[in-house]
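Everything on this sheet refers to the single structure shown next.
Everything numeric in this text was worked out from a predicted model, so none of it was measured.
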Amino acid sequence: SLITTYTSKEVNIYVLDFDSETLKIYKNCPSVGDVVFVNEKEKVDKLFKLLNQEIEQRKKKFQDYNGSYEYYISHSSVKLPTIILLISGYENFKETYEEEEIILSKITRDGVKYGLYTIVTAISDRSIRLSLRANFSQIVPLKLNSAIEYNMVLGKKCPTISETANRGIIIINDNPFEFQTATICENEKLHDYIKGICDYLKQNENTKAKPIPILPEKVTISMINNDLKSIESIPIGIEEETLEISTYNFTKNLINLINAEDVDALTSFTKLLIKELSIIKTTKIMVIDYKNLYQEEMSNVIYINGQNLD
């Protein structure tokens, strides 16, 4: 309902699917930044870093808006999306990423004030530490083993729940209510229905939720085109820790030496460097290729090979 009710400009969703991994069907939905699985450690680490940074950035932005996301949204011309973190299968998360619980505790404690909400699914409420559980203002138990368990989970006496499948109890205005969960279509049609919705939204939305920034296996020119402005700031790679574009100022030295033990690696790097420099319209490039390593056609480049030198 979130992805069909709100656009990616209004809601960004990040999913940690540590359960059945069936939520990957939402991966290409515009409102979904990513769906991460239990073995994707780098993505998990980067996601928590991203969310933590987002909270710190919003703290500064909201200083003139009562420090509140709701007040900022209603009074600022610049809009920020609500962020939702969904952790499905908390038991597996706790077992595999115990060190991330500290960051999760901060996110669940401070996030709501800055427009970041967390949803966690667990087999038992005992799976979640008391200190962390205290950060959740709403707990929604579905079918539990006994009536007393509802009382313990919700902290108040609850009515005996019906034996009907998919029933649950929710607290509204300090009163417990029994509810019946709904399904969007017949189970056998569920996969195709969700896929159809995601495909439709992808085709009709021009924006997408911010992706989890991870170090790419291969850096291409298309990734750094926006940073190509002058030879004072030529992109040469991506920093592993910060994932920011690393640049070099070629005006600092008239002569710059590039060394490498591997000739193929050196050739590959310098070919890309030549292409970058050729994109800058105010730059003229001459390549003297004594060993004929750069024989392919290069635009906007004066090329001299080994034959011409002889």
Next on the checklist: Whether the side chain of Glu178 engages the backbone of Ser162 through a donor-acceptor N/O pair (distance < 3.5 Å, no angle test) should be reported.
Outcome noted: yes

Donor-acceptor contact present, side-chain Ser127 to main-chain Glu91, <3.5 Å
no

Between Val35 and Tyr26 the two heavy atoms that sit nearest each other are CG2-C, 4.3 Å

Would you mind reporting whether Leu23 and Leu86 have side-chain heavy atoms less than 4.5 Å apart?
-> yes

Worksheet item: Salt bridge or not for Arg133 and Asp125, using N-O below 4.0 Å?
Response: yes

Residues joined to Ile170 in its hydrophobic cluster, side chain to side chain under 4.5 Å directly or through other members, sorted by chain and number, are Val140, Leu142, Ile172, Phe177, Phe179

Students should find that the hydrophobic cluster of Ile171, defined by side-chain heavy atoms under 4.5 Å apart, otherwise consists of Ile139, Leu144, Tyr150, Val153, Leu154, Ile161, Ile169

* Asked: Is there a path of hydrophobic side-chain contacts, each under 4.5 Å between heavy atoms of I, L, V, M, F, W or Y residues, that connects Val15 with Ile3?
  -> yes

(request) Output, in order, the C-alpha distance, side-chain angles, deciding distance and verdict of side chain to side chain contact (heavy atoms under 4.5 Å, CB included) for Leu85 and Leu47. (result) CA-CA 10 Å; Leu85 170 64; Leu47 172 59; 4.0 Å; yes

So NZ of Lys284 and CG of Leu277: to nearest 0.5 Å the spacing works out to 15.0 Å

**Message:** Let's go through Leu273 and Ile258 carefully: what are the C-alpha distance in whole Å and the side-chain angles of both, what is the deciding distance for side chain to side chain contact (heavy atoms under 4.5 Å, CB included) to 0.1 Å, and is it a yes or a no?
**Reply:** CA-CA 11 Å; Leu273 181 61; Ile258 302 173; 3.8 Å; yes

Q. Counting distance only, does the side-chain N/O of Lys208 pair as donor-acceptor with the main-chain N or O of Val32 below 3.5 Å?
A. yes

* To do: Give a yes or no on whether Glu42 atom CD has more than 12 heavy-atom contacts from other residues, nucleotides or ligands under 6.0 Å away.
  => yes

Q) Does the pair Tyr97 and Phe18 meet the rule for a ring pair (Phe, Tyr, Trp, His ring centres under 6.0 Å), with working shown? A) CA-CA 11 Å; Tyr97 297 98; Phe18 290 180; 5.7 Å; yes

- [ ] Group every Ile, Leu, Val, Met, Phe, Trp and Tyr by side-chain heavy-atom contacts under 4.5 Å, then state whether Val120 and Leu2 land in the same group.
- [x] no

Check: Would Ile119 and Val11 show up in the same hydrophobic cluster when neighbours are defined by side-chain heavy atoms closer than 4.5 Å?
Finding: yes

* To do: State plainly whether the residues Lys49 and Asp45 are in salt-bridge range, i.e. N to O under 4.0 Å.
  => no

To the nearest 0.5 Å, atom CG of Asp289 lies from atom OG1 of Thr267 at 8.5 Å

- [ ] Mind running salt bridge (charged side-chain N to carboxylate O under 4.0 Å, His left out) on Glu163 and Lys143 for me, showing each step along the way?
- [x] CA-CA 9 Å; Glu163 291 298 323; Lys143 180 63 177 174; 3.3 Å; yes

Anything under 3.5 Å between a donor and an acceptor, one on a side chain of residues 108-118, the other on a protein residue two or more places apart or in another chain? List them.
{"unit_1": "Thr108", "atom_1": "OG1", "unit_2": "Leu104", "atom_2": "O", "d": "2.9"}
{"unit_1": "Thr108", "atom_1": "OG1", "unit_2": "Ser105", "atom_2": "O", "d": "3.0"}
{"unit_1": "Thr108", "atom_1": "OG1", "unit_2": "Asn135", "atom_2": "ND2", "d": "3.0"}

Between Ile102 and Ile128, is there shared hydrophobic-cluster membership here, with clusters defined by ILVMFWY side-chain heavy atoms closer than 4.5 Å? no

Nearest heavy-atom contact between Met152 and Arg126 is CE-NH2, 4.1 Å

d(Thr121 OG1, Phe93 CZ) to nearest 0.5 Å is 12.0 Å

Intermediate values then yes/no, side chain to side chain contact (heavy atoms under 4.5 Å, CB included), Lys106 and Asn52: CA-CA 8 Å; Lys106 178 185 177 182; Asn52 193 44; 3.0 Å; yes

Here the pair of heavy atoms bringing Ile285 nearest to Ile274 is CD1-O, 4.1 Å

Walk me through whether Arg58 and Glu54 qualify under salt bridge (charged side-chain N to carboxylate O under 4.0 Å, His left out). CA-CA 6 Å; Arg58 292 189 177 197; Glu54 188 67 30; 2.9 Å; yes

Identify all side-chain donor-acceptor contacts of residues 75-82 below 3.5 Å with residues at least two apart in sequence or on another chain.
{"unit_1": "His75", "atom_1": "ND1", "unit_2": "Tyr71", "atom_2": "O", "d": "3.0"}
{"unit_1": "Ser76", "atom_1": "OG", "unit_2": "Val78", "atom_2": "N", "d": "3.1"}
{"unit_1": "Ser76", "atom_1": "OG", "unit_2": "Val78", "atom_2": "O", "d": "3.3"}
{"unit_1": "Lys79", "atom_1": "NZ", "unit_2": "Ile73", "atom_2": "O", "d": "2.5"}
{"unit_1": "Lys79", "atom_1": "NZ", "unit_2": "Ser76", "atom_2": "O", "d": "3.0"}
{"unit_1": "Thr82", "atom_1": "OG1", "unit_2": "Tyr69", "atom_2": "OH", "d": "3.0"}

Heavy-atom nearest pair, Ile212 first then Lys46, reads CG2-CB, 3.7 Å

Please tell me if the side chains of Ile234 and Leu228 come closer than 4.5 Å, counting only heavy atoms from C-beta onward. yes

Evaluation steps, side chain to side chain contact (heavy atoms under 4.5 Å, CB included), between Ser146 and Glu149 | CA-CA 6 Å; Ser146 63; Glu149 286 193 59; 3.5 Å; yes

Is there a donor-acceptor pair under 3.5 Å between the side chain of Asp262 and the backbone N or O of Asp264? yes

Do any side-chain atoms of residues 214-224 form donor-acceptor pairs under 3.5 angstrom with protein atoms, and if so which ones, sequence neighbours left out?
{"unit_1": "Thr220", "atom_1": "OG1", "unit_2": "Ser222", "atom_2": "OG", "d": "2.9"}

Note: Cys198 and Cys29 closest approach over all heavy atoms is SG-CB, 3.9 Å

key: NZ (Lys27) with more than 12 external heavy atoms under 6.0 Å   = yes

Contacts satisfying side chain to side chain donor-acceptor pair (under 3.5 Å) that involve residues 182-198 (not counting sequence neighbours) are Lys195-Asp199

query = Applying the 4.5 Å side-chain criterion to the ILVMFWY set and letting contacts propagate, would Ile103 and Ile84 be lumped into a single cluster?
reply = no

Between the CG atom in Asp34 and the CG atom in Leu50, the distance rounded to the nearest 0.5 Å is 10.5 Å

The reported gap from OG in Ser8 to CD1 in Ile13 (rounded to nearest 0.5 angstrom) is 10.0 Å

Closest heavy-atom pair, Leu266 versus Asn259, reported as atoms and distance to 0.1 Å, is CD1-C, 4.4 Å

Rounding to 0.5 Å, atoms OG1 (Thr247) and CD1 (Ile236) come to a distance of 7.5 Å

### Task
Please examine the side chains of Ile245 and Ile238, heavy atoms only from C-beta on, and report whether any two atoms are closer than 4.5 Å.
yes

- request: Can you establish whether the number of heavy atoms outside Asn206 located under 6.0 Å from its atom CG is more than 12?
  value: no

Checking Ser278 side chain against Lys275 main chain: does a donor-acceptor pair fall under 3.5 Å? yes

Margin query: Under a 3.5 Å threshold, yes or no: a donor from one side chain and an acceptor from the other, between Asn12 and Lys210?
Written below: no

Using only atom types and a distance under 3.5 Å, with no angle test, would you say the side chain of Glu10 pairs donor to acceptor with the backbone of Thr7? yes

- Please examine the side chains of Thr283 and Phe250, heavy atoms only from C-beta on, and report whether any two atoms are closer than 4.5 Å. no

Check: Donor-acceptor pair, Gln180 side chain versus Ala165 backbone, under 3.5 Å?
Finding: yes

